[in-house]
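Below is one structure; the comments refer to it alone.
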Amino acid sequence: MTPAAYAVLNIDAAQHNLEQVRQYAPHAKIMAVIKANGYGHGLLRIAQALKSVDAFAVARVDEGIRLRKAGIKTPITVLEGFTCHEELDALLHYQLDAVVHTACQLAIFAQRPEHSQLSIWLKLDTGMNRLGFKPSEYKAVYEQLQQCPIIKQPINLMTHLANADVKADDTSLAQINTFTDTVNGLSLDTASKNEWSIANSAGILAWPSAITDWVRPGVMLYGISPFTESTGTQLNLKPIMSLHSRVIAVKQLSKGDKVGYAGTWICPNNTTLGVIAIGYGDGYPRYAKAGTPILVNGQRVPLIGRVSMDMITVDLSSQPKAKAGDPVTLWGENLAVEEIALCAETIPYTLVCGITQRVQIVERSALESA
Ligand SMILES: *Cc1c(COP(=O)(O)O)cnc(C)c1O
């Protein structure tokens with residue numbers, strides 16, 4: 001018995017998407033970003049699928065520990081670094097690399113006698129104003145860290161782009177210039193090269209000058225476009241995730257009947273209504289608007305009425321033969337998650353990250369052999 005709501009993961013697509021990254025950045029090392037449970041696809045599953053990369057990046061220390069405990073030996077960078085001695089102990093114990101971005105971390109280093117234990121990425125804030133030291137303070141911090149016993153030399157240097165997905169906004173170029181100027185003003189390690197990293201997926205795809213020693217692709221590895229104006233498929237990426245459910249009831253409504261909570265949908269005509277077993281309790285977006293496309297028996301039908309916790313309602317008037325049990329796709333192959341994100345006024349990142357525990361994960365290869 002298959003569960004009503006399930007996500008099929010085409011794991012082979014990860015390798016295809018990684019090859020696309022390599023085509024855009026043939027000389028760069030790849031740090032695959034697998035934070036937030038591998039963007040909802042499963043932390044360990046994605047780490048296994050991408051094991052040929054040069055490094056992984058996660059947001060938090062506990063995500064790095066999970067990877068190490070599962071036997072992953074690849075270098076792992078913790079993008080948010082650490083905030084206390086205990087987290088620093090864990091980074092050292094599990095051999096995780098840290099992003100260093102704020103003064104309190106320097107104070108912690110100053111109290112640590114260990115020698116050459118921690119590999120770091122020193123983060124420059126080039127305008128996002130989230131994590132990182134300001135250009136005016138970067139050189140002094142860099143020099144302080146060069147003298148810090150616990151820090152392994154050379155220090156790697158990074159920044160993050162705030163608006164790389166908007167090709168018409170040259171903020172990215174300004175950020176890249178700020179990074180280059182600031183970093184060139186350091187007395188860089190001559191014995192062994194300091195490595196640089198700037199580009200996320202949008203940087204890799206849209207800003208060639210952001211491609212340096214290391215790239216940090218996230219969303220594109222999952223086959224999803226970082227741009228609102230295109231889909232992953234249009235960028236020759238392959239979506240890993242597709243989300244499915246089934247019709248659980250079909251009924252006839254009359255013109256003027258109201259559908260769902262608050263009766264927000266009033267049937268403009270006699271309508272064949274389909275009820276589908278998926279809702280915000282599964283991660284389907286609560287704010288998907290009327291008209292959001294859904295595939296029933298492979299054909300597009302519009303969402304009508306409010307998304308509830310466990311169910312959504314669709315207009316099946318175009319499918320008079322539809323019945324309970326018919327297959328439904330919410331997003332995936334043939335229905336881009338990017339399009340659903342636009343209909344829900346969100347970004348595809350939130351949709352794939354937001355799949356809940358109730359959704360059963362089925363790996364494609366497992367399906368085929370079943
Ligand atoms: C999440 C993240 C990335 C990956 O971003 P995508 O848009 O998913 O490619 C890269 N770098 C940093 C610092 C991040 O936080």
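Computed from a predicted model, the values in this text were never measured in an experiment. Values reported hereafter were calculated over all heavy atoms of this structure, with side chains retained and with hydrogens, waters and symmetry mates removed. Counting starts at 1 for both ligands and their atoms, in listed order.
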For this session: Please examine the side chains of I34 and L221, heavy atoms only from C-beta on, and report whether any two atoms are closer than 4.5 Å.
Result: no

Exercise. Just wondering, do M31 and V215 contact through their side chains at under 4.5 Å, heavy atoms?
Worked result: no

Starting from [atom], which protein heavy atom do you reach first, and at what distance in Å?
{"atom": "atom 12 (C) of ligand 1", "value": "H160 CE1, 3.3 Å"}
{"atom": "atom 8 (O) of ligand 1", "value": "Y39 OH, 2.5 Å"}
{"atom": "atom 11 (N) of ligand 1", "value": "R216 NE, 2.9 Å"}
{"atom": "atom 9 (O) of ligand 1", "value": "S201 OG, 2.5 Å"}
{"atom": "atom 7 (O) of ligand 1", "value": "Y349 OH, 2.7 Å"}

Exercise. So, is M220 polar-close to ligand 1, with some N/O to N/O distance under 3.5 Å?
Worked result: no

For this session: Before signing off on this row, confirm whether V219 and ligand 1 have an N or O atom pair separated by under 3.5 Å.
Result: yes

Exercise. Should the proximity of K35 to ligand 1, defined as any heavy atom under 4.0 Å, be assigned to the side chain, the backbone, both, or neither?
Worked result: side chain

For this session: Pick one of side chain, backbone, both or neither for how V33 approaches ligand 1, counting any non-hydrogen atom pair under 4.0 Å.
Result: side chain

Exercise. Less than 4.0 Å between a side-chain N and a carboxylate O, is that true for K251 and D257?
Worked result: no

For this session: Flag the pair K193 and D213 as a salt bridge only when some basic side-chain nitrogen lies within less than 4.0 angstrom of an acidic carboxylate oxygen.
Result: yes

Exercise. Going by atom types alone, do T83 and E87 pair a side-chain donor with an acceptor below 3.5 Å?
Worked result: yes

Problem set entry | Over-ring placement of K167 relative to F227, 6.0 Å and 45° cut-offs | yes

Exercise. With clusters built from Ile, Leu, Val, Met, Phe, Trp and Tyr whose side-chain heavy atoms come within less than 4.5 Å, directly or transitively, what are the remaining members of the cluster of V259, listed by chain and number?
Worked result: I248, L253, W265, L273, V275, I304, M311

